[in-house]
Amino acid sequence: AKTISLNGQELKSTELEIPVARQSGGWLVEATPRPGGLPLLVGDIGQPNEPITAIAPSGAKSIVVSGGKPEYGPGGFEIYAPEQGIYTLQFLNKQFTIPVEGQMLHLTFRQETETPVRLVSATMPRAQAEQLLRQLQNSPALSSLFSLEEV
């Protein structure tokens, strides 16, 4: 939250820090700057005991294991990030680019999951349902997805 007083006669600009949410290959990444403190990347990948490789803008690499900082979550981690620029984090065969500006940045990684659903039709005569099922089964991609169910 930031309060700005305006008198209606002068122009005023300000900087706001807003958490960023990005998607990368089925993952949602929330990045929230934390003012003050050491230049760190801290956060949670949701799973413990996974190696996380951090590549600094200069190319220097460091590796930590998730879960070593449980105060950030079950896959909590902490990586020293003294350089400004783009860091690359790699874990679980994924790669993420994170802009760092010399401050603590709290990162939360969540794998997006979809809730499974079923396709349900209106009731219909058996002959009509069987004809529709045969049409669907002619497609190799759809053949195992559908079956008939009596109601």
Side-chain angles (χ1 to χ4, degrees), residues 1-122 132-149:
K2 190 167 192 172
T3 302
I4 303 171
S5 299
L6 299 173
N7 65 12
Q9 296 181 1
E10 63 184 271
L11 295 175
K12 202 167 225 184
S13 64
T14 186
E15 289 185 30
L16 298 176
E17 292 182 1
I18 300 172
V20 177
R22 293 187 297 266
Q23 283 189 302
S24 178
W27 285 74
L28 181 66
V29 183
E30 291 180 23
T32 308
R34 298 280 170 95
L38 294 172
L40 296 172
L41 296 175
V42 301
D44 181 19
I45 67 167
Q47 296 180 33
N49 303 316
E50 291 292 334
I52 302 171
T53 301
I55 304 169
S58 67
K61 288 185 181 181
S62 61
I63 299 174
V64 298
V65 176
S66 66
K69 290 292 184 174
E71 60 267 34
Y72 299 120
F77 66 91
E78 185 175 276
I79 299 167
Y80 185 54
E83 300 176 33
Q84 291 193 21
I86 304 295
Y87 277 73
T88 301
L89 297 185
Q90 300 169 334
F91 59 88
L92 296 171
N93 295 320
K94 295 290 180 185
Q95 181 169 300
F96 303 89
T97 55
I98 309 294
V100 174
E101 298 176 6
Q103 67 197 39
M104 183 182 290
L105 192 60
H106 186 269
L107 305 169
T108 303
F109 296 86
R110 285 193 313 269
Q111 197 168 11
E112 290 195 320
T113 56
E114 290 188 34
T115 304
V117 297
R118 280 183 17 183
L119 180 63
V120 179
S121 73
L132 181 57
L133 181 62
R134 280 192 298 276
Q135 290 172 353
L136 291 169
Q137 288 177 334
N138 283 335
S139 168
L142 301 175
S143 65
S144 64
L145 292 178
F146 298 96
S147 63
L148 295 182
E149 192 175 280

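What you see is a predicted model, and the numbers here were worked out from it, not measured in a lab.
In this structure, S66 contributes its side chain and N49 its backbone to a donor-acceptor pair below 3.5 Å.
In this structure V100 satisfies the side chain to side chain contact (heavy atoms under 4.5 Å, CB included) test together with L41, A81, Y87, I98, sequence neighbours excluded. The side chain to side chain contact (heavy atoms under 4.5 Å, CB included) test applied to L119 returns F146, not counting sequence neighbours. For E78, the side chain to side chain contact (heavy atoms under 4.5 Å, CB included) partners two or more places apart in sequence, or in a different chain, are L40, V42, K69, Y72. Partners of Q47 according to the side chain to side chain donor-acceptor pair (under 3.5 Å) rule, which considers only residues two or more places apart in sequence or in another chain, do not exist here. With sequence neighbours excluded, no residue forms a side chain to side chain donor-acceptor pair (under 3.5 Å) with S147.
Scanning all heavy atoms of the two residues, the minimum distance from P48 to P74 falls at CB-O, 3.3 Å.
Applying the side chain to side chain donor-acceptor pair (under 3.5 Å) test to every pair with at least one member in residues 54-63, sequence neighbours left out, gives these pairs: S58-E83.
Atom CG in L28 sits 5.0 Å away from atom CZ in R110 (nearest 0.5 Å). Here the straight-line distance linking atom NZ of K94 with atom CD of Q111 works out to 7.5 Å at 0.5 Å rounding. Here CG of D44 is found 6.5 Å from OG1 of T108. Values are rounded to the nearest 0.5 Å. The distance from the CG atom of L107 to the CD1 atom of I45 is 11.5 Å, given to the nearest 0.5 Å. Distance check: Q84 CD to E101 CD gives 7.0 Å after rounding to the nearest 0.5 Å.
When the options L89, I52, L92 are evaluated for a side-chain contact (heavy atoms from CB on, under 4.5 Å) with F109, the one that passes is L89.
Put simply, the side chain of F91 does not reach to within 4.5 Å of the side chain of F77, judged on heavy atoms.
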